[in-house]
Amino acid sequence: MSENKTHYDVIIIGSGPAGYTAAIYTGRANLKTLVLEGLERGGQLMITNELENFPGFPDAIIGPDFMELLRKQAQKFGAELITALAEEVQLKNAKPFKIKADGKNYTSDSVIIATGATARFMGIPSEKEYKGRGVSACATCDGFFFKNKHVIVVGGGDSAMEEANFLTKFATKVTVVHRRDVFKASPIMVDRARNNPKVEILTFKVIEEIYGDPSTGTVAGVKLKDVRDNSLTDFPVQGVFVAVGHDPNTTLFAGQLPMDESKYLITKPGKTATEIPGVFAAGDVQDSYYRQAITAAGSGCQAAIEAEKYLESIH
């Protein structure tokens with residue numbers, strides 16, 4: 001192990017369930033570990049009110065509380081955590097790998113990328129105000145909290161139709177709103193939604209504003225705007241699900257690592273290894289399908305084990 005204070009066995013970029021889990025495993029393996037947490041540590045679970053589907057928490061746990069537990073566990077096993085954003089990386093043809101964060105230069109023999117993905121939202125101020133209090137970007141995560149309620153889904157792609165059908169397991173009614181009458185979703189997905197008696201589809205509509213119930217602080221309805229004549233309609237609902245896609249946080253790695261057409265990092269089948277030996281990717285940054293805390297944590301574990309074996313092979 002190097003005496004260089006800025007050189008590490010492994011640098012983990014990102015601090016969601018994948019990043020912290022990887023740090024727990026590399027720390028326990030006695031690997032000198034640095035976690036660059038980003039400016040807002042904790043990932044998407046920091047805006048999750050109650051985490052109910054992570055095994056071991058039958059009474060649920062608040063998202064930020066869960067992330068703080070993971071963070072403390074990573075620290076307990078010796079990982080060094082810095083709340084700083086990785087600004088530059090040199091992975092291609094670089095041994096050791098070079099990473100710049102907060103104006104400082106760090107090097108490592110292996111890198112685990114766990115920068116996650118960011119849900120796209122509509123960009124209206126009231127959306128941010130009610131995030132976690134009726135506004136969500138994950139039906140699988142939050143659908144259970146809308147039993148016997150009327151919810152609205154924004155979007156026109158496959159994910160919007162999938163979320164609408166999924167939400168009918170809980171909600172009494174699901175309204176899909178889309179700004180056009182042409183859908184990106186596959187015809188079979190649109191037909192499935194149209195044929196579901198609990199789903200209605202409104203076209204040429206966008207949400208202009210989300211308003212709440214002052215007594216509860218939760219969503220009570222939306223103002224729908226018709227894009228053809230700009231007319232506004234008051235539309236009472238108890239939940240708003242935004243399903244307009246996710247963007248993986250991969251800008252930093254452009255030109256250095258292969259990505260798919262949606263900019264997710266490509267890893268080897270069944271592995272977290274990228275095409276560069278010693279560089280691994282875990283969690284939502286390489287997973288556009290599951291996008292769950294439990295799968296992100298699992299791939300963080302995989303990346304740590306793969307990194308440990310890689311380090312053994314080069315020393």
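In this structure, the side chains of Ser108 and Leu34 stay at 4.5 Å or more apart for every pair of heavy atoms. Side-chain contact between Asp181 and Phe204: present, with at least one pair of heavy atoms (C-beta onward) separated by less than 4.5 Å. The closest side-chain heavy-atom distance from Gln256 to Val89 is below 4.5 Å. A 4.5 Å side-chain heavy-atom check between Val222 and Val237 finds at least one atom pair inside the cut-off. Looking at Asp142 and Phe241, their side chains come closer than 4.5 Å, going by heavy atoms from C-beta outward. Between Phe121 and Lys131, the closest side-chain pair of non-hydrogen atoms falls below 4.5 Å. Using a 4.5 Å heavy-atom cutoff, the side chains of Phe253 and Thr274 are not in contact. Using a 4.5 Å cut-off on side-chain heavy atoms (C-beta onward), Phe170 and Val151 make no contact.
The ring of His246 has its center no closer than 6.0 angstrom to the ring center of Tyr264.
Within 6.0 Å of CZ on Phe144 lie no more than 12 heavy atoms contributed by other residues, nucleotides or ligands. The number of heavy-atom neighbours closer than 6.0 Å to OH of Tyr290, taken from other residues, nucleotides and ligands shown, is 12 or below. Taking a 6.0 Å sphere around CG of Asn93, one finds it holds 12 or fewer heavy atoms contributed by other residues, nucleotides or ligands. Within 6.0 Å of the CD1 atom in Ile188, the count of heavy atoms belonging to other residues, nucleotides or ligands does not exceed 12. The 12-atom threshold is not exceeded at NZ of Lys184, counting heavy atoms of other residues, nucleotides or ligands nearer than 6.0 Å. In the displayed structure, Lys263 atom NZ is contacted under 6.0 Å by at most 12 heavy atoms of other residues, nucleotides or ligands. With a 6.0 Å radius and a threshold of 12 heavy atoms from other residues, nucleotides or ligands, Tyr25 has its OH atom at or below the threshold. The environment of NZ in Lys95 is crowded: more than 12 heavy-atom neighbours from other residues, nucleotides or ligands sit within 6.0 Å.
Atom CD1 in Ile82 sits 8.0 Å away from atom CG in Asp102 (nearest 0.5 Å). With rounding to the nearest 0.5 Å, the separation of CD1 in Ile266 from NZ in Lys268 is 13.0 Å. Here the CZ-CD1 distance, from Arg179 to Ile207, works out to 11.0 Å after rounding to the nearest 0.5 Å. The distance from atom NZ of Lys5 to atom OH of Tyr106, rounded to the nearest 0.5 Å, is 12.5 Å. Once rounded to the nearest 0.5 Å, the distance linking OH of Tyr20 with CD of Gln73 reads 12.5 Å.
With Ser15 contributing its side chain and Gly19 its backbone, the two residues share no donor-acceptor pair below 3.5 Å. With hydrogens and angles ignored, the 3.5 Å screen pairs no side-chain donor or acceptor of Glu68 with any backbone N or O of Pro64. Without hydrogens or angle criteria, Arg133 side chain to Gly217 main chain gives a donor-acceptor distance under 3.5 Å. Between the Thr115 side chain and the Asn249 main chain, a donor and an acceptor come within less than 3.5 Å of each other. Although no hydrogens or angles enter the test, the distance criterion places no donor-acceptor pair under 3.5 Å between the side chain of Glu208 and the main chain of Leu232. Judged by distance alone, the side chain of Thr172 and the main-chain N or O of Lys149 form a donor-acceptor pair under 3.5 Å. A donor-acceptor pair is defined here as one N or O able to donate and one able to accept, closer than 3.5 Å; such a pair exists between the side chain of Ser126 and the backbone of Ile210. Under a 3.5 Å cut-off, the side chain of Ser299 and the backbone N or O of Gly283 do form a donor-acceptor pair.
In this structure, Lys32 satisfies the cation-pi test against Tyr8, with its NZ or CZ atom closer than 6.0 Å to the six-membered ring centre and inside 45 degrees of the ring normal. Both tests pass for Arg28 against the ring of Phe77: distance under 6.0 Å to the centre and angle within 45° of the axis.
Not counting sequence neighbours, the partners of Asp247 by the side-chain hydrogen bond (donor to acceptor under 3.5 Å, both in side chains) test are Arg120. Residues satisfying the salt bridge (Lys or Arg N to Asp or Glu O under 4.0 Å) test with Lys223, not counting sequence neighbours, are Asp234. Remark: Ser231 pairs with Asp226, Asp229 by the side-chain contact (heavy atoms from CB on, under 4.5 Å) rule, at least two apart or across chains.
In this structure, Ser110 and Asp9 approach most closely via the heavy-atom pair OG-O, 2.8 Å. In terms of heavy atoms, Gln292 sits closest to Asp284 at N-OD1, 4.3 Å.
Between Phe66 and Phe54, the angle of the ring planes lies from 30° to 60°, which puts this pair in the tilted group.
By the rule that hydrophobic residues join a cluster once side-chain heavy atoms approach within less than 4.5 Å of another member, Val111 and Leu252 end up as members of one cluster.
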